[in-house]
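Here's the structure we're looking at; comments come further down.
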Amino acid sequence: MSANFEPNVVAFLCNWCSYAGADLAGTSRVNYPSNIQIIRVMCSGRVNPLYVMNALQQGADGVLVSGCHPGDCHYMEGNFYARRRLGMLKDLMEFVGVDPKRFHMSWVSASEGHKWKEVVEKTVEDAKEAGPFEGFRRRQIDW
Amino acid sequence: MKMDLEQLRKTAAEVAAREEVKYLVGWKQGTYGYRVAPAFVEDAAGAAELIFSPLCTANLATYLTLAEQLPVPRGGEPDDRKVALMVKGCDSRAVTQLLVEKGIERDEVVVIGCPCPGVVDAALLAEKYPETEEPAEMKWDGENFLLIRGGEETKIARNEILAEKCRLCRYPNPVVSDIMLGEEVETWDLAEDEGVQELENRDVDGRAEYWAEQFDKCVRCYSCRNVCPLCYCQDCILDRLNPTWVNRSVNFSENTAFNIARAFHLAGRCIECGECERVCPANIPLGKLNRKLAREVRDKYDFEPGVDPDAEPFQASFKPDDPEDFIL
Ligand code: SF4
Ligand code: SF4
Ligand code: SF4
């Protein structure tokens with residue numbers, strides 16, 4: 001991989017914790033890599049595995065899903081479902097040959113601006129290591 | 001194995017004749033070669049055609065949800081008669097899983113259990129013993145299969161043509177049944193799941209290469225979905241246009257997304273009947289995906305689909321202590 005490859009990372013953040021956490025990082029002037037594209041969803045439990053597939057198909061090199069810590073979910077248990085489903089998805093993707101470095105999940109609360117920075121740094125670094133995602137990216141067909 | 005055909009047909013005729021039973025679904029001889037066709041039996045004449053042999057690979061549980069639900073005519077009564085169903089061990093797990101998901105209710109089915117000593121892989125059989133036009137019969141004979149064709153009997157070693165799903169089968173005896181035909185069979189030593197292990201031993205690029213070649217072949221016929229007893233969503237993501245969850249174009253990218261989505265939707269639900277792989281015209285080893293996920297579910301989450309009718313659906317439940325070592 002060229003050393004200056006800058007990955008695209010798509011992050012699905014839950015409205016109540018992780019999005020607020022990222023917001024806090026911003027208002028507290030914490031510096032973190034700008035490779036991340038944030039998409040706000042109401043709950044991590046709302047993240048359909050096909051969102052992850054679609055992000056990878058459409059040009060993401062890495063995907064992050066982040067929600068509230070277990071027990072803190074605004075909807076009581078959404079993140080528990082997310083943990084189970086996306087854990088399975090991670091296993092499945094690894095089995096079909098998607099580098100596990102491309103998909104991460106994290107718990108970041110509204111007060112964890114600094115944890116958010118660490119999570120982003122780790123995700124971006126991993127995506128960088130894994131290199132540009134060629135796998136099953138959607139290709140434009142030249143007729 | 002003494003599966004008594006007389007007894008089977010007699011029982012079937014008796015069940016099909018019941019007032020409360022709409023029809024009975026079983027297996028009958030197909031029109032040629034090793035084919036076996038589903039039989040929808042309403043009377044004794046139909047019951048006389050039924051068979052249960054090593055060629056009865058098909059999982060008939062899929063007809064429970066595949067049957068067309070006609071609208072009730074105005075002023076008419078809904079037909080709430082039961083459907084009787086012949087099941088092997090694996091098929092019975094599909095029934096249980098349908099009960100768990102409330103795809104069917106227990107009082108909508110009469111389950112006729114057939115303890116199963118293992119069925120053959122018809123493709124493998126045809127490779128070694130080419131199929132002829134004449135319908136062939138098959139029997140269990142101790143540790144062998146007996147192929148009967150044109151008055152000639154051929155003994156074939158069990159391990160030579162046993163279906164892959166049967167090599168790995170942990171439930172040869174039906175887990176749910178109203179009537180049990182014959183005696184329970186003894187479970188056998190399980191084979192190692194070499195297909196999955198071999199892939200697990202590769203590095204991630206090796207696996208990517210393997211699956212790229214496989215998914216590239218997919219023609220998106222959706223046979224794997226249609227045959228699956230547990231793919232019965234009225235509103236399947238694959239048919240949806242708005243939003244388009246899975247693009248319809250047939251190319252490697254969409255095929256991969258589709259195959260991952262299908263496997264994922266069956267995670268914690270697939271009961272490993274192997275039907276998807278059997279019907280796939282492109283010979284994609286879908287069973288490897290299913291079995292890999294089933295094993296993860298079993299090992300990491302201590303859950304097994306289709307054995308306990310009172311279980312909670314895997315993906316619609318959680319435990320507070322589910323593994324989360326992968327979370328940052
Ligand atoms: S049966 Fe095979 S070819 Fe058809 S859609 Fe399924 S995986 Fe693709
Ligand atoms: S996914 Fe395949 S093996 Fe699993 S239940 Fe459906 S048809 Fe059977
Ligand atoms: S592929 Fe998914 S949405 Fe479609 S029928 Fe199967 S489980 Fe339902």
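In what follows, every chain begins at residue 1, and chains take the letters A, B, ... in the order their sequences are listed. Note that these values count all heavy atoms, side chains included, but never hydrogens, waters or copies made by symmetry.
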Quick one: do B:N259 and A:V96 satisfy side chain to side chain contact (heavy atoms under 4.5 Å, CB included)? Show the steps, please. CA-CA 10 Å; B:N259 269 290; A:V96 296; over 6 Å; no

Run the side chain to side chain contact (heavy atoms under 4.5 Å, CB included) test on B:K300 and A:D91 for me, step by step, so that the C-alpha distance in whole Å, both residues' side-chain angles and the decisive distance to 0.1 Å come before the verdict. CA-CA 11 Å; B:K300 289 194 183 162; A:D91 287 336; 2.8 Å; yes

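Contact detail for B:A257 and A:L50: the closest heavy-atom pair is O-CD2, 4.5 Å. The minimum heavy-atom distance linking A:M88 with B:E296 is given by the pair CE-CB, 4.1 Å. Closest non-hydrogen pair, A:E94 versus B:V204, comes out as O-CG2, 3.9 Å. Residues A:N54 and B:W245 share a closest heavy-atom pair of ND2-O, 3.6 Å. When every heavy atom of A:R84 is checked against every heavy atom of B:K319, the shortest pair comes out as NH2-N, 3.9 Å. Nearest heavy atom pair, residue B:F326 against residue A:M105, reads CE1-SD, 3.7 Å.
Open room surrounds CD on B:E209; 12 or fewer heavy atoms of other groups in view lie less than 6.0 Å from it. Residue A:H69 qualifies as enclosed at atom NE2: its count of foreign heavy atoms under 6.0 Å is above 12. Surrounding CG of B:D302 are at most 12 heavy atoms belonging to other residues, nucleotides or ligands under 6.0 Å away. The neighbour count for B:Q197 CD, taken as heavy atoms of other residues, nucleotides or ligands under 6.0 Å away, is above 12. Counting non-hydrogen atoms of neighbouring residues, nucleotides and ligands closer than 6.0 angstrom, the NZ atom of A:K122 reaches no more than 12 such neighbours. By the neighbour-count criterion of 12 heavy atoms within 6.0 Å, atom CD of A:Q58 is densely surrounded, having more than that number from other residues, nucleotides or ligands.
Using a 4.5 Å cut-off between heavy atoms, B:F314 contacts chain A through both its backbone and its side chain. The part of A:V98 that comes within reach of chain B is its backbone (N, CA, C, O), which places non-hydrogen atoms under 4.5 angstrom from that chain. When heavy atoms are compared at a cutoff of 4.5 Å, B:V196 approaches chain A by way of both its backbone and its side chain. Of the two parts of A:R138, the backbone and the side chain both hold a non-hydrogen atom closer than 4.5 Å to a non-hydrogen atom of chain B. If you measure heavy-atom distances from A:F103 to chain B, you find no contacts under 4.5 Å at all. For B:D205, no part lies under 4.5 angstrom from a heavy atom of chain A. The parts of B:E254 that come within reach of chain A are both its backbone and its side chain, each placing non-hydrogen atoms under 4.5 angstrom from that chain. With a threshold of 4.5 angstrom between heavy atoms, B:N290 does not approach chain A through any atom at all. B:N255 does not touch chain A: none of its heavy atoms, backbone or side chain, sits under 4.5 Å away.
If you take CG on B:D322 and CZ on A:F80, they are separated by 8.5 Å, rounding to the nearest 0.5 Å. Atoms CZ and CG, on A:F136 and B:N251 in that order, are 12.0 Å from each other to the nearest 0.5 Å. The CD1 atom of B:I260 sits 5.5 Å away from the CG atom of A:L92 when rounded to the nearest 0.5 Å. Annotation: the span from A:Q57 atom CD to B:T256 atom OG1 amounts to 8.0 Å, rounded to 0.5 Å.
Looking only at heavy-atom pairs under 4.5 Å with chain B, the residue among A:S66, A:P49, A:P70 that has the most is A:P49. In terms of heavy-atom pairs under 4.5 Å with chain B, the best-connected choice from A:M53, A:R83, A:E77, A:R137 is A:R83. Interface summary for chain A: among B:A208, B:A212, B:S253, the most heavy-atom pairs under 4.5 angstrom belong to B:S253. Chain A forms the most heavy-atom pairs under 4.5 Å with one residue out of B:S249, B:A267, B:P323, B:P320, and that residue is B:P320. Contact count versus chain B (heavy atoms, under 4.5 Å) is highest, among A:V65, A:N48, A:V108, for A:N48. No other option in B:Y301, B:F318, B:W211 has as many heavy-atom pairs under 4.5 Å with chain A as B:F318.
Side-chain atoms of A:R139 do not come within 3.5 Å of backbone N or O of B:F252 as any donor-acceptor pair. The closest donor-acceptor contact from the side chain of A:S106 to the backbone of B:I327 lies at 3.5 Å or more, if one exists at all.
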